[in-house]
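Worksheet: one structure, shown below.
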Amino acid sequence: MSLYQKIINTDAPAAVIIIRLMVGAVFLSEGIQKFLFASELGVGRFAKIGIPNPDFFGPLVGTFEILCGTLVLLGLFTRLALVPLLIIISVAIATTKLAMLPEKGFWTTAHEGRTDYAMFLSIIFLLIVGAGVWSLDARLAKRRDNS
């Protein structure tokens, strides 16, 4: 099986679209907000939490969230689009949630991190099963199999 086939191949049921829509919509929305509210959620937030070169990384992360979130929503090259999102959510957890653990304790950190944790596990799930039968990946795979 070629790398291309591994990226688009999916036998996951149609219900996977629910997870895909959640992940894609959250990242698309967050990416757009990094530009709309740059001082609170983009460059300003990155500077506040200590991300180096926030003027570069704020817009870069926002752009990746918009592009990859859209690809996940469409189910197009889903596994490929999930890799940057996995990196983004991992950095978000490390810099904002795990950083609060010593000061706020486990339960507050668990509460504040619930959405990030759900996104992280949803991304892992989609990486394993693929975009599902209701996706452009499935259509591409079917077209490739028929040719």
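Position 1 is the first residue of the sequence; numbering continues from there.
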Going from [atom1] on [X] to [atom2] on [Y], what distance comes out if it is rounded to the nearest 0.5 angstrom?
{"X": "R79", "Y": "L86", "atom1": "CZ", "atom2": "CG", "answer": "14.0 Å"}
{"X": "T78", "Y": "L73", "atom1": "OG1", "atom2": "CG", "answer": "9.5 Å"}
{"X": "I7", "Y": "L3", "atom1": "CD1", "atom2": "CG", "answer": "4.0 Å"}
{"X": "R45", "Y": "Q33", "atom1": "CZ", "atom2": "CD", "answer": "12.0 Å"}
{"X": "M100", "Y": "H111", "atom1": "CE", "atom2": "NE2", "answer": "9.5 Å"}
{"X": "I124", "Y": "I89", "atom1": "CD1", "atom2": "CD1", "answer": "11.0 Å"}

I32: side chain to side chain contact (heavy atoms under 4.5 Å, CB included) partners, not counting sequence neighbours: L28, L36, I66
Partners passing side chain to side chain contact (heavy atoms under 4.5 Å, CB included) against I17 (at least two apart in sequence or in another chain): R20, L21, W134
Under 3.5 Å: donor-acceptor pair, side chain of S29, backbone of A25: no
Please tabulate, for the side chains in residues 8-15, all donor-acceptor contacts under 3.5 angstrom to protein atoms that are two or more places apart in sequence or on a different chain.
| residue | atom | partner | partner atom | Å |
| --- | --- | --- | --- | --- |
| T10 | OG1 | A12 | N | 3.3 |
| T10 | OG1 | V129 | O | 3.0 |
| T10 | OG1 | G132 | N | 2.9 |

For the hydrophobic clusters of this structure (ILVMFWY residues joined by side-chain heavy atoms under 4.5 Å, transitively), does one cluster hold both [X] and [Y]?
{"X": "F120", "Y": "V26", "result": "yes"}
{"X": "L121", "Y": "V91", "result": "yes"}
{"X": "Y4", "Y": "L126", "result": "no"}
{"X": "I88", "Y": "L67", "result": "no"}
{"X": "L41", "Y": "F46", "result": "no"}

Other ILVMFWY residues reachable from V43 by side-chain steps of under 4.5 Å: none
Crowding at CD1, I18 (>12 non-hydrogen neighbours, <6.0 Å): no
More than 12 heavy atoms from other groups under 6.0 Å of OH on Y117: no
What is the minimum heavy-atom distance between [X] and [Y], and which atoms define it?
{"X": "P84", "Y": "F64", "answer": "CB-CD2, 3.8 Å"}
{"X": "V72", "Y": "G24", "answer": "CG1-N, 3.8 Å"}
{"X": "I123", "Y": "F27", "answer": "CD1-CE1, 3.8 Å"}
{"X": "K34", "Y": "V61", "answer": "CE-CG1, 3.8 Å"}

Residue pairs involving residues 124-142 (criterion salt bridge (Lys or Arg N to Asp or Glu O under 4.0 Å); sequence neighbours excluded): none
Exercise answer: donor-acceptor pairs, residues 47-57 side-chain atoms, under 3.5 Å, sequence neighbours excluded:
none

Any L140 side-chain heavy atom under 4.5 Å of L76 side chain: yes
